[in-house]
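Here is how names work: the chains are called A, B, and so on, in the same order as the sequence lines, proteins then strands, and each is numbered from 1.
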Amino acid sequence: MIDLDKIEPSNFIEEEILEDLKNGRSKEVITRCPPEPSGYWHIGHCKAWIIDFETAIKFGGYTYLRMDDTNPSREQGEFADSYMADLAWLGYTPKKMIFASEAYFDKIYEIAEEMIKNGYAYVDELSQEDQLKMKGTLTSPGVNSPYRDRPWKESLDLFRRMKNGEFPDGSLTLRAKIDMAHPNILMRDPIMYKISRQHHYKTGDKWCIYPIYDFAHPMEDALEGVTYSLCDITFRVHRELYEWFIEKGWNKPFAPKQREFSTLNLENVLLGKRYLKQLVESKKVMGWDDPRFLTIVGMRRRGYTAQGVKDFIKSVGVVPSESTIPFSALEFHIRNDLNKIATRAMVVLDPLKVVITNYEGENEEISIDNNPNIENGGAHKASFGKTIYIEKEDFSDNPPPKYNRLTLNGIVRLKGAYIIRCNKAIYKENGEIDHLECEYIKESKSGNDTSGLKPKGTIHFVCEGDCFNITIRNFKNLTKAEYLWPSKALADGVSIDELLEPNSMQESTAIAENFLREAKTEDKFQFMRKGYYTLDKDTTENNYIFNFTIGLKDSFKVKG
RNA sequence: UGGGGUGUCGCCAAGCGGUAAGGCACGAGACUUUGACUCUCGCAUGCGUAGGUUCGAAUCCUGCCACCCCAGCCA
């Protein structure tokens, strides 16, 4: 049993729940994660699901995964499995996976009949256009339908015949009898059931009438025993209707509560389903799991961690007010988590050959810590020898101020190995550097340094004979930085080609220490001094592909 | 013009009548065999605005202003 006195509510919803629990309004916290199975989840959905699960967990309750599949024209069954996988990745296990259609259609229908008998609902014969005309406007009241006050027996008979398929699609509707002059337009006799002969992926052709969200959702919540139905702020105005249906349609001592929080708005991120779909279908990206997408599968392939995503969502907070989050806030949490878990490795992205002139014989073994931030994090073997490669940018024959790397006649430490001094740069005919000639300081071996030398910098390297070529997929933001709101830009008429950042994915080759051959798909690494990378699923034995996840912070600034 | 929601640092966000937490970003410095990490310091006389109540107001009251959402047989 949870000790209520020990719970610290972290937002306004939790405060209310705690209060309910303490005064007996609620006995337990049961939430639901109700996707409409019609597309892939993205980081925006994550916020809602994380709140659903975390809220329940905090109070010792649980969460159902409920497919909100009341509209046969939109849903496809193929997504259900992907949702389970996405939740598993986020680290959540639903109490049960439920298909609303399968589990509740019969009961919701019975409730509708009861409501007709109690005078709370009627069958309307008005066309969709006429209903719209009589709805009124934001500032003027609506007009009652001529069928509004027909005897309940007549409505019940018509409703049953609707169900039996006696009327064409769209000809009749079941409407809630509330108030056509209500200031909240949603309360002006909203539709509860429509006639639609579309094939449903789950219930097949069993039904030709389908309940509308506003009626179906509160009934599903109630039937399921959900105590807190958490949703985004869009539904704030629906709350009044939700409560009306609970009162008139459910009317039992227990009643679920709907509470709302604001949606997640991330700058520079394209999330609209139709736009992503367009990019996938036109092959401008690799698929729904393209690492440039912030779909869950995309983030996963990019190398983001579930923990990082969760930390980010939690940092944003649960409030009812709209907010806009800069992308750097997400990056901070991803980097932060990766720093804790990623294995360090040495990879040279842009190689410059270095010959150690005073080194003779076989390569020798050196040791690289897997992660200096983890106590007893272990280490792996690498090599040092006659020929090595360093980054081109780690050498300069004309160094800017405060340059801590290798210079002509300067010294630098090779990570995990020796201090070297550069004696000579050999140039090609075109003036570019071809390779360097350096000497190593024998008594400066890592962990055993008696040289007394104090180089200002440490650089990474790989050793010939103990390395292999890998493919790097470099990513930039999918859309141009000047479009803070990509979806809005598209809606405003900006073309997709104008919006897209050119060459946001580019492949290159790099040289990696042999240790990386052991990498498995989705393993996460920090290529020291460069950034975080993860092994892509496209990897083959002869072609290791690493996706660039995110760079390290870099406070070195070259002036001028 | 009706109804609902929201306004606290560049961006999030605590605050719930006792004198503005924290994080991101940014800047300065220390440390460092990753220019990472870590650490230290700086960063709102001010809480949309105008009044009022109070010994005391971001918090209570009143008026005004700004922004967002709502008229699918979508969710």
Side-chain angles (χ1 to χ4, degrees), chain A residues 10-12 15 34-36 38 68-71 73-75 124 126-128 131-132 135-142 169-175 181-188 190-196 209-214 216-217 231-240 260 262 267 312 315-333 335-336 339-340 344 346 368-369 371-373 402-405 412-419 444 446-447 449 454-460 526-532 551-557:
Chain A
S10 51
N11 58 252
F12 72 102
E15 277 176 15
E36 179 191 30
S38 64
D68 211 358
D69 54 1
T70 53
N71 184 352
S73 66
R74 288 168 59 104
E75 283 106 33
D124 195 7
L126 247 28
S127 67
Q128 191 164 0
Q131 281 191 10
L132 179 60
K135 191 144 228 164
T137 68
L138 292 178
T139 52
S140 62
D169 285 10
S171 58
L172 301 183
T173 52
L174 182 70
R175 292 233 256 169
H182 200 107
N184 179 349
I185 294 195
L186 288 168
M187 299 294 278
R188 320 239 259 231
I191 308 279
M192 293 166 64
Y193 266 94
K194 65 180 172 190
I195 303 176
S196 174
I209 58 173
Y210 289 92
I212 302 307
Y213 169 87
D214 278 314
H217 206 86
C231 57
D232 79 66
I233 201 75
T234 317
F235 296 98
R236 180 61 185 85
V237 287
H238 293 247
R239 186 148 114 193
E240 196 171 14
E260 314 82 10
S262 67
E267 288 176 0
F312 164 67
S315 78
V316 165
V318 178
V319 294
S321 51
E322 285 294 325
S323 62
T324 61
I325 318 292
F327 197 70
S328 59
L330 203 209
E331 291 185 312
F332 169 81
H333 291 281
R335 203 182 270 123
N336 196 244
N339 178 239
K340 292 178 197 156
R344 313 287 126 129
M346 296 207 283
I368 301 296
D369 285 345
N371 189 330
N373 296 144
K402 295 189 178 171
Y403 186 78
N404 293 343
R405 286 109 99 149
V412 79
R413 162 132 242 142
L414 293 175
K415 177 75 187 174
Y418 296 88
I419 295 170
S444 69
S446 187
D449 185 358
K454 295 274 175 251
K456 276 197 243 161
T458 300
I459 63 173
H460 59 102
Q526 183 198 88
F527 292 177
M528 273 189 283
R529 302 206 308 130
K530 299 313 295 181
Y532 296 96
L552 253 28
K553 279 219 271 187
D554 185 5
S555 60
F556 175 60
K557 297 175 208 75

Pick base, sugar-phosphate or nothing for [X], based on heavy-atom distances below 4.0 Å to the nucleic acid.
{"X": "Glu331(A)", "result": "nothing"}
{"X": "Tyr193(A)", "result": "nothing"}
{"X": "Arg335(A)", "result": "nothing"}
{"X": "Gly457(A)", "result": "nothing"}
{"X": "His217(A)", "result": "nothing"}
{"X": "Thr139(A)", "result": "base"}
{"X": "Arg236(A)", "result": "sugar-phosphate"}
{"X": "Asn71(A)", "result": "sugar-phosphate"}
{"X": "Arg344(A)", "result": "base"}
{"X": "Tyr213(A)", "result": "base"}
{"X": "Ser555(A)", "result": "sugar-phosphate"}
{"X": "Pro372(A)", "result": "base"}
{"X": "Ser323(A)", "result": "sugar-phosphate"}
{"X": "Tyr532(A)", "result": "nothing"}

Which value, in whole Å, describes the distance between the [atom1] atoms of nucleotides [N] and [M]?
{"N": "A20(B)", "M": "G2(B)", "atom1": "P", "answer": "39 Å"}
{"N": "C65(B)", "M": "A25(B)", "atom1": "C1'", "answer": "30 Å"}
{"N": "U19(B)", "M": "A58(B)", "atom1": "P", "answer": "11 Å"}
{"N": "C16(B)", "M": "C11(B)", "atom1": "P", "answer": "24 Å"}
{"N": "A21(B)", "M": "C64(B)", "atom1": "P", "answer": "33 Å"}
{"N": "G29(B)", "M": "G15(B)", "atom1": "C1'", "answer": "32 Å"}
{"N": "G27(B)", "M": "C68(B)", "atom1": "C1'", "answer": "34 Å"}
{"N": "U49(B)", "M": "U8(B)", "atom1": "P", "answer": "10 Å"}

Quick one: pull up [atom1] in [X] and [atom2] in [Y] and give me the separation to the nearest 0.5 Å.
{"X": "Arg188(A)", "Y": "Lys135(A)", "atom1": "CZ", "atom2": "NZ", "value": "8.5 Å"}
{"X": "Leu414(A)", "Y": "Ser444(A)", "atom1": "CG", "atom2": "OG", "value": "8.5 Å"}
{"X": "Thr458(A)", "Y": "Ile419(A)", "atom1": "OG1", "atom2": "CD1", "value": "8.5 Å"}
{"X": "Gln526(A)", "Y": "Leu552(A)", "atom1": "CD", "atom2": "CG", "value": "4.5 Å"}
{"X": "Arg413(A)", "Y": "Ile459(A)", "atom1": "CZ", "atom2": "CD1", "value": "11.5 Å"}
{"X": "Lys194(A)", "Y": "Ile212(A)", "atom1": "NZ", "atom2": "CD1", "value": "4.5 Å"}

Look through every strand shown and name the nucleotide pairing with [N] as Watson-Crick or G-U wobble, where both distances are under 3.5 Å.
{"N": "C37(B)", "value": "none"}
{"N": "G18(B)", "value": "C55(B)"}
{"N": "U6(B)", "value": "A66(B)"}

[N] phosphate, OP1 or OP2: any side-chain N/O from [X] under 4.0 angstrom?
{"X": "Arg529(A)", "N": "G35(B)", "result": "yes"}
{"X": "Ser262(A)", "N": "U6(B)", "result": "no"}
{"X": "Arg74(A)", "N": "C74(B)", "result": "no"}

Looking at the angle O4'-C1'-N9-C4 for a purine or O4'-C1'-N1-C2 for a pyrimidine, is G72(B) syn or anti, with syn meaning within 90° of 0?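 Syn conformation for G72(B).
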Kindly point out which of [options] is positioned nearest to the side chain of [X]?
{"X": "Gln526(A)", "options": "U6(B), U34(B), C70(B)", "value": "U34(B)"}
{"X": "Leu138(A)", "options": "A71(B), A25(B), A75(B)", "value": "A71(B)"}
{"X": "Val316(A)", "options": "U33(B), C16(B), C12(B)", "value": "C12(B)"}
{"X": "Thr324(A)", "options": "A25(B), G2(B), C12(B)", "value": "C12(B)"}

With nearest nucleotides of RNA chain B determined for Glu322(A) and Ser10(A) from heavy-atom distances, which residue corresponds to the more 5′ nucleotide? Ser10(A)
Tell me the interatomic distance from Ile195(A), atom CD1, to C73(B), atom C1', rounded to whole angstroms.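 To the nearest whole Å, that distance equals 10 Å.
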Whole-Å distance between C73(B) P and Ile212(A) CD1? 7 Å
Parallel, tilted or perpendicular, judged at 30° and 60°: which one describes the rings of His238(A) and Tyr213(A)? perpendicular
Mark yes or no for a side-chain to base donor-acceptor pair under 3.5 Å between Ser446(A) and U33(B), with no hydrogen or angle criteria applied.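 Present.
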